[in-house]
Number of protein chains: 2
Amino acid sequence: MPAGNVEERARPRSVQVRDELSHRIDRGLLPAGSRLPSEPALATELGVSRATLREALRALENEGLVRRMWGAGTFVADGRRVANSLDANFGVTDAIRAAGMEAGIEQARHWMEPATTSEAARLELQPGSDVLVVERVRTADGKPVVLSRDMLPGRLVAKQPHLADEMLKRSIYDVLERDLGIAIHHGVASFRPVRADVTVARRLNIPRGELLLAIWQVDFSDDGVPVLSSYEYHLADAFEFTVLRRGPGRRLS
Amino acid sequence: MPAGNVEERARPRSVQVRDELSHRIDRGLLPAGSRLPSEPALATELGVSRATLREALRALENEGLVRRMWGAGTFVADGRRVANSLDANFGVTDAIRAAGMEAGIEQARHWMEPATTSEAARLELQPGSDVLVVERVRTADGKPVVLSRDMLPGRLVAKQPHLADEMLKRSIYDVLERDLGIAIHHGVASFRPVRADVTVARRLNIPRGELLLAIWQVDFSDDGVPVLSSYEYHLADAFEFTVLRRGPGRRLS
DNA sequence: GACCGGGCAGATGTCTGACAACATACTAGG
DNA sequence: CCTAGTATGTTGTCAGACATCTGCCCGGTC
């Protein structure tokens, strides 16, 4: 039995179809504004039933990539795929790359400490249990732009302590997914403008009182367990954040 | 026939079902973490086919309200419905109310002016065509918290000039939908921390140099036409903004 | 010639019934 | 007591058909 198919078969067909269509749009095979083939035609071409194809199209519609019009057809949404979208891009690395710059890491260090009460609550741990803290200064084209402080349950790396060192060099999301097999399903992020205090200012090599954007968030794995809690201080003019606001769709309440 | 005709067209059944389920979750009839009835049972209860029900469930899943597990069932997502979600709530009025405060409007005024080049581009208009500008100070429990400046194509209110006055008292989104029959489908918002300049400081009654969050955005109607372009200056500590980050879902590329 | 209305093809929306793949709980066997 | 197989229920997928809506062609009318 070939093992290579296990991965593919594990995911629902509708998800595979969604990815395939998403790729075609990205590659420009389906230009913005153009009409997709009709559902029966597309379903035949992709080798799935129309019901499965519709599941995929529904997902693409909710992502804003296509627009479906009853009786008219399904159309590729008019471009506007925002560059640095806070609600789609995870992590500082992606944000820096989306801005067309090279992401780097400086002054990285990590240690283990008992969770504070509030931190334990955020990660749904028992107060006092071990938490791995990773502190890093992220650079864009060599210039410091973000000070980040990430916290994750110590048990995740208890059996593979070398992974903590790995996080000093790579994106934590990358380590979580590739080395630990933990995919982030969603996260809840909050932000607020702040002034740089003396500690942050020194790490980022900026004057005290400079404008910063503070972002704190909790990321959850696909089974709803909190995996990562992080605090970030972004230089105000490092990059521009964008959010796609989806309309309610529903009325009255 | 008056232009204010906001006739409720027959919405697809799947959308009605989605709303119904969304309501049940909101009302607590379906507690967080609980399992929904099986698809055949729910479909029968709601009087639709299983295919239609699945369309609705797919939409709810993409909104993050439910989680579907192959072979196990569909579950209501574990609460965490963030209060002031920037990607779900539109407009300052909603944001203030979500924070549990009373929304008010002060120092409101409006005028018509020719569109600048950049503004015409944002609204996809011809440079120099008329644009309605609405400038307001929004208050929460009577305290100024946001200075907003909204711009929309003049043609929208050309035949009903009194609507411009209406916008000085109510939410613009509310006027657009109820009086003009224009529903906002989605918007693209960007934000950045800034310091209050002398003009903004005087309007918001704060010291010059105070911390603010600047948000600028463009909202689109359901047929993809830009309808509203707005700039807002928020007090840094007025309310806390939250964004739900959805994971990629797709891997490999 | 310009305008208006009906009809037609094509698209998405919905329905029905069935089977396949998967997760869980239970039971028989060691 | 523990393990492995089975039974059952759930979601995923399939097939075909009909309903409803949109856009366009086309002919009639002024």
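Residue numbering restarts at 1 for every chain, and letters A, B, ... go by the order of the sequence lines.
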Any idea which of [options] is nearest the [X] side chain?
{"X": "A/Ser38", "options": "C/dT12, C/dC15, D/dT11", "result": "C/dT12"}
{"X": "B/Glu39", "options": "C/dT16, D/dC14, D/dG12", "result": "D/dG12"}
{"X": "A/Ala72", "options": "C/dT12, D/dG12, D/dG23", "result": "D/dG23"}

If the cut-off is 4.0 Å, is [X] near the phosphate of [N], judged by side-chain N/O to OP1 or OP2?
{"X": "B/Thr74", "N": "D/dT10", "value": "no"}
{"X": "B/Arg13", "N": "C/dG13", "value": "no"}
{"X": "B/Arg35", "N": "D/dT10", "value": "yes"}
{"X": "A/Ser14", "N": "D/dG12", "value": "no"}
{"X": "A/Thr52", "N": "D/dG12", "value": "no"}

Using atom [atom1] of [X] as one end and atom [atom2] of [N] as the other, report the distance to the nearest whole Å.
{"X": "A/Glu55", "N": "C/dT12", "atom1": "CD", "atom2": "P", "answer": "16 Å"}
{"X": "A/Leu36", "N": "C/dA11", "atom1": "CG", "atom2": "C1'", "answer": "12 Å"}
{"X": "B/Arg58", "N": "C/dG13", "atom1": "CZ", "atom2": "P", "answer": "15 Å"}
{"X": "B/Phe75", "N": "D/dT10", "atom1": "CZ", "atom2": "P", "answer": "11 Å"}
{"X": "A/Arg54", "N": "C/dA11", "atom1": "CZ", "atom2": "C1'", "answer": "11 Å"}
{"X": "A/Leu42", "N": "C/dA11", "atom1": "CG", "atom2": "C1'", "answer": "13 Å"}
{"X": "A/Trp70", "N": "D/dG23", "atom1": "CH2", "atom2": "C1'", "answer": "16 Å"}
{"X": "B/Arg67", "N": "D/dT10", "atom1": "CZ", "atom2": "P", "answer": "19 Å"}

Item to check | Cationic N near anionic O, under 4.0 Å, A/Glu45 to A/Arg24 | outcome: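 A/Arg24 and A/Glu45: salt-bridged.
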Checklist entry - Using the benzene-type ring in the case of Trp, are the ring centres of A/Phe191 and A/Phe241 under 6.0 Å apart? => result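 Not close enough - the centres of the two rings lie 6.0 Å or further apart.
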Item to check | Criterion side-chain contact (heavy atoms from CB on, under 4.5 Å) against B/Met167, the qualifying member of B/Asp150, B/Val157, B/Asp174 | outcome: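 Among B/Asp150, B/Val157, B/Asp174, the one meeting side-chain contact (heavy atoms from CB on, under 4.5 Å) with B/Met167 is B/Val157.
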Checklist entry - Are B/Glu39 and B/Thr74 linked by a side-chain donor-acceptor pair shorter than 3.5 Å? => result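 On atom types as modelled, these side chains do not qualify, holding no pair under 3.5 Å.
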Next on the checklist: Tell me whether B/Glu124 contacts the main-chain N or O of B/Val225 through its side chain, where contact means a donor paired with an acceptor under 3.5 Å.
Outcome noted: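 A pair under 3.5 Å: no.
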Item to check | Pairwise 5' ranking along DNA chain D for A/Leu53 and A/Met69, keeping only the more 5' one | outcome: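 The residue whose closest nucleotide sits nearer the 5' end is A/Leu53.
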Item to check | Closest-nucleotide 5' rank along DNA chain D - winner of B/Pro37 and A/Arg50 | outcome: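 It is B/Pro37 whose nearest nucleotide is closer to the 5' end.
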